[in-house]
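A quick write-up on the structure given underneath.
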Amino acid sequence: MEAIRETKPHPLTAGNMAFDIELGSITWNKVIFNDKLQLLLKARKNESKQDNFLPEKDEKNYKKILNVVRTLKPIVFHVKPANPEDGSGFFFQAFDVIDENKTKLNPLFDALFFCSVDTVKKLLNYEPKA
């Protein structure tokens, strides 16, 4: 996964509520502060190991990560294509809450804001071995 470059602010950081790309735009309804973004980046690294974005309840960082989920979960991201012929767009949220103990980072959110273009292309073109 590609790290956030220090020279260019991440599109999710405070002050931004829109992200324009050649094919369209992404907007959202709430400012995301850098401290939440940094916690999100740290927590997402462990999600695949534990099959859950949330750590175990007895872990030291559980409350901080739960707070990140509670803060970001209500945010709705709207994707609107630049070409009206491509449709009206769609919306998504950062997390998929499975139940009160299990939360997953939405793969679309992860791909759009944290993965490099090369990584996304590899994922889309992946063919499992027979």
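Owing to the predicted nature of the structure, the values given are computational and were not obtained by experimental measurement. For the single chain, residues carry numbers from 1 onward in sequence order.
Note that the CD atom of Glu47 and the CG atom of Asn52 stand 7.5 Å from one another [nearest 0.5 Å]. In this structure, Gln93 CD and Leu108 CG are separated by 12.0 Å, a value rounded to the nearest 0.5 Å. A distance of 11.0 Å separates CG in Asn34 from CG in Leu40, rounded to the nearest 0.5 Å. Between the CD atom in Glu56 and the CG atom in Asn101 there is a gap of 9.0 Å [rounded to 0.5 Å]. Separating the CD atom in Glu59 from the CD1 atom in Ile65 is a distance of 8.0 Å, to the nearest 0.5 Å. Distance NZ/Lys57 to NZ/Lys63: 11.5 Å, rounded to 0.5 Å.
Surrounding NZ of Lys36 are more than 12 heavy atoms belonging to other residues, nucleotides or ligands, all under 6.0 Å away. With a 6.0 Å radius and a threshold of 12 heavy atoms from other residues, nucleotides or ligands, Lys122 has its NZ atom at or below the threshold. No more than 12 heavy-atom neighbours from other residues, nucleotides or ligands sit within 6.0 angstrom of CZ on Phe91. No more than 12 heavy-atom neighbours from other residues, nucleotides or ligands sit within 6.0 angstrom of NZ on Lys80.
A continuous path of Ile, Leu, Val, Met, Phe, Trp and Tyr side chains, each step under 4.5 Å between heavy atoms, connects Phe95 with Phe33, placing both in one hydrophobic cluster. Under the 4.5 Å side-chain heavy-atom criterion for ILVMFWY residues, no single connected hydrophobic cluster contains both Tyr62 and Val97.
The distance between the ring centers of Trp28 and Phe109 does not fall below 6.0 angstrom.
In this structure, the side chains of Phe53 and Val69 come closer than 4.5 Å at one or more pairs of heavy atoms.
When each of Ile32, Leu39, Leu37, Asp35 is paired with Val68, the side chain to side chain contact (heavy atoms under 4.5 Å, CB included) condition holds for Leu39 and for no other.
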